Number of protein chains: 2
Amino acid sequence: MSDRVTISQVAEEAGVSAMTVSNVLNGRPGASEETRRRVLDAAERLGYQPNLSARNLKAGRTGLIGVMTLDLTGQYGLEIVRGIADELASDEREMLISATYQEAVRELERTQFLARGLVDGVLMVAPALEDATLEALRRKNLPCVVIDPRRTDASLPRVTVDNYGGTRQAAEHLLELGHTRIAYIKGIADLESSELRYKGFHDALRLAGVDLDERLVAESDFTYTQGFRITSALIAEHRPTALMAGGDLIALGAVDAARACGLRVPDDLSVVGFDDLPQAAQTFPALTTVRQPLHDMGKLGTRMLLSLIDGRPLLMENMQMPTDLIVRGTTAPPADALPAAGEEDECATPSHGDDQ
Amino acid sequence: MSDRVTISQVAEEAGVSAMTVSNVLNGRPGASEETRRRVLDAAERLGYQPNLSARNLKAGRTGLIGVMTLDLTGQYGLEIVRGIADELASDEREMLISATYQEAVRELERTQFLARGLVDGVLMVAPALEDATLEALRRKNLPCVVIDPRRTDASLPRVTVDNYGGTRQAAEHLLELGHTRIAYIKGIADLESSELRYKGFHDALRLAGVDLDERLVAESDFTYTQGFRITSALIAEHRPTALMAGGDLIALGAVDAARACGLRVPDDLSVVGFDDLPQAAQTFPALTTVRQPLHDMGKLGTRMLLSLIDGRPLLMENMQMPTDLIVRGTTAPPADALPAAGEEDECATPSHGDDQ
DNA sequence: CTGTTAGCGCATTCAG
DNA sequence: CTGAATGCGCTAACAG
């Protein structure tokens with residue numbers, strides 16, 4: 001068990017009362033220079049540091065922020081968490097991370113735990129946000145901000161991103177390059193963001209008068225593995241000249257699938273991702289993708305939460321952040337003459353372990 | 001501010017004393033069925049949940065574990081953190097993550113903060129562990145376990161990994177394939193693990209009677225970017241047939257560099273990484289690498305810490321975990337006839353943003 | 001300038 | 001079976 005030095009021990013050591021020690025240590029006026037020195041001395045000697053549980057109990061606040069995240073597996077949530085950490089670092093606050101492992105039940109349970117006075121507020125990253133969880137938050141009147149919610153119908157302050165605009169811009173980029181046979185691999189279907197991204201792509205094509213071939217559209221679970229498999233199948237069956245993915249991992253799988261099929265990227269197949277994860281810049285050729293300002297989303301959400309906690313008004317309940325198309329090395333005009341479809345249709349299968 | 005329901009409110013609502021409420025809710029005997037029901041009812045109605053600061057103050061423990069990690073950027077530390085989270089999930093404990101951003105000062109500061117009764121113990125992942133920090137831990141008598149320390153001279157219980165054996169086995173694999181011109185890119189020089197890894201490589205070659213060409217050895221900062229740059233240079237100048245890296249990111253950069261130089265992996269250049277990060281399996285060809293059981297290291301460290309906290313004896317102060325060579329797609333025998341060194345020595349530079 | 005009193009919310013001790 | 005007193009460590013309000 002951790003040893004504790006209490007304020008009264010310091011008081012005794014310094015030959016003053018506990019109150020005086022408290023005053024001195026908290027920089028409050030009203031202590032002679034002489035006393036002050038004696039107290040600081042004693043505190044230093046004993047290695048005293050105020051116990052936080054006691055202080056929290058007294059103050060009714062803890063200086064801790066709870067962060068609920070799907071899991072700690074993916075770079076996606078992680079980049080947001082980094083933003084949160086960076087913003088908090090300048091604010092004398094600590095971050096308590098709870099992983100929900102995609103389970104709504106666990107999300108509720110963890111929220112209730114945090115709401116027991118452990119944290120002053122909660123940031124939820126891409127939460128399931130079931131009604132029971134919302135109710136629990138409301139009951140406790142616990143400040144909460146949602147970053148990238150799966151649904152936007154919950155009436156909580158939130159940070160979202162311009163999913164629609166992102167894919168639309170990306171699709172326009174491909175259209176300008178001259179592509180018309182553009183495949184699209186969606187992310188997980190029941191996320192609102194997945195639908196919005198697809199819609200942006202869809203609208204861009206329609207507005208350009210390009211027919212959308214339904215056979216070039218597929219769904220996935222956001223993983224590299226599925227990106228690889230689905231792309232292999234698409235190439236073998238329908239030979240798109242470009243492919244857009246609802247997430248970077250899918251896109252990275254697509255690039256490798258193309259390569260495994262003997263196609264060159266971007267010459268034979270252009271690929272565009274979504275997210276701009278660190279990995280996107282760290283491949284060759286580097287991935288053209290739609291950048292979500294994940295780090296800034298974390299920072300902004302944190303600032304909003306801190307406002308709520310301090311009782312300051314929120315400028316906006318729903319902050320939508322812009323997306324940016326980052327053109328790197330995986331997009332180019334379609335090759336005028338496609339290589340004759342030869343025997344290389346037998347796509348290799350990547351020998352990889354687990355997903356994500 | 002978060003609304004609070006206290007035990008006395010529940011007591012009043014149920015028409016009993018606070019003590020009875022406490023007894024009922026903590027499952028202690030000594031309450032009539034009738035009373036019990038009334039209490040549970042009232043608690044439910046009011047949404048009562050015991051305040052944690054109060055309970056912690058009383059109990060002298062918090063149920064929280066502090067995790068000090070370099071940063072939240074890399075998959076490396078993250079995999080360990082995941083292991084910690086998974087182990088903790090089954091143990092009614094919460095995890096408080098503090099990022100130190102590689103700064104020893106901040107590491108000390110964060111440690112002191114946590115030691116103020118906020119956590120029952122600390123897990124340090126790859127910490128700088130300066131003397132001041134050690135001293136702070138010792139003074140507070142705060143249970144602490146170190147995972148993958150940069151130096152092993154600190155007298156704290158720790159979880160390490162067989163760095164030496166890992167690279168040695170990997171080097172032997174390359175030697176068996178017939179390679180003799182093997183390059184090596186070290187990780188950050190002042191980590192003990194970097195030295196051990198290099199030593200394993202070095203010894204394997206010496207034991208096999210293979211001359212080590214010093215010009216094929218370089219240092220890096222563990223990043224993809226440096227892996228790419230250094231490999232490009234090595235290929236242009238010295239044409240190794242195989243390359244070992246002190247970390248997977250370096251290796252991934254090396255693979256892409258080879259590709260950018262027009263070499264095929266593994267035909268023209270075999271590459272072996274170290275770590276087995278998730279990305280290693282998610283490329284094509286998938287990376288042959290030395291697997292560190294990062295997840296298990298997190299789990300084991302956590303179990304050790306929980307033992308310390310509960311006052312149970314530790315089986316061993318220093319647990320060394322094994323490494324495993326995972327042979328995937330980036331290693332093969334050297335091509336008998338190397339392609340004539342042509343003009344493709346102009347290696348392309350990857351267009352990527354930031355490091356790591 | 002410094003000390004005393006009291007209470008944050010809970011749970012342990014001991015009476016009733 | 002239940003309740004009243006007590007203290008965990010700290011600090012706000014007041015008194016000296």
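So you know, we letter chains A, B, ... as the sequences are listed, proteins then strands, and number each from 1. Predicted, not measured: the structure shown is a model, and the values here were computed from it.
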Problem - Bend angle of the helix from C/dC1-D/dG16 to C/dG16-D/dC1, from helix axes over five pairs at each end, nearest 10° - result: 50°
Exercise for the section: Starting from C1' on D/dA4, measure out to CD1 on B/I7 and report it in whole angstrom. Expected result: 14 Å
Problem - Basic-acidic side-chain contact under 4.0 Å: B/R93, B/D120 - result: yes
Completion exercise
Here the distance between atom P of D/dC10 and atom CG of B/L118, to the nearest Å, is 13 Å
Problem - Integer-rounded Å distance: D/dC10 P and A/R28 CZ - result: 13 Å
Handout entry: Side-chain ion pair, B/R45 and B/E13, N-O less than 4.0 Å
Key = yes
Exercise for the section: Please report, rounded to the nearest Å, how far the P atom of D/dC8 is from the CD atom of A/Q9. Expected result: 11 Å
Practice task
Please say whether more than 12 non-hydrogen atoms of neighbouring residues, nucleotides or ligands are located less than 6.0 Å from CD in B/Q49.
Solution key: yes
Practice task
Please determine if B/E87 and B/R303 form a salt bridge, counting it only when a charged side-chain N lies under 4.0 Å from a carboxylate O.
Solution key: yes
Exercise for the section: Over all heavy atoms of both residues, which pair between B/R151 and B/E192 is shortest? Give the atoms and the distance, please. Expected result: CA-OE1, 3.5 Å
Practice task
Rounded off to whole Å, could you give me the CE-to-C1' distance for the A/M19 and D/dA15 pair?
Solution key: 13 Å
Completion exercise
By nearest-nucleotide position on DNA chain D, the 5'-leaning member of B/K58 and B/T20 is B/T20
Exercise for the section: Would you confirm whether B/R106, through its side chain, and B/T100, through its main-chain N or O, come within 3.5 Å as a donor-acceptor pair? Expected result: no
Problem - Straight-line distance of A/Y76 OH to A/T69 OG1, nearest 0.5 Å - result: 10.0 Å
Problem - Integer-rounded Å distance: D/dG9 C1' and A/N51 CG - result: 6 Å
Problem - Touch class at under 4.0 angstrom, heavy-atom based, for B/T35 against every strand present - result: sugar-phosphate
Exercise for the section: Spell out, as yes or no, whether a donor-acceptor pair under 3.5 Å connects the side chain of B/S32 to the backbone of B/T35. Expected result: yes
Exercise for the section: Check every strand shown and say whether B/N26 touches a base, only sugar-phosphate, or nothing at a heavy-atom separation below 4.0 Å. Expected result: sugar-phosphate
Practice task
Starting from C1' on D/dG7, measure out to CZ on B/R55 and report it in whole angstrom.
Solution key: 17 Å
Practice task
Looking at every strand, decide which applies to A/R116 at a 4.0 Å heavy-atom threshold: base, sugar-phosphate, or nothing.
Solution key: nothing
Handout entry: Carboxylate-amine/guanidinium contact B/R38 B/E34, below 4.0 Å
Key = yes
Problem - Nucleotides bounding contact with chain B, strand DNA chain C, heavy-atom threshold 4.0 Å - result: C/dG9 to C/dT12
Exercise for the section: Rounded to the nearest angstrom, tell me the gap between atom CG in A/L57 and atom P in D/dA12. Expected result: 13 Å
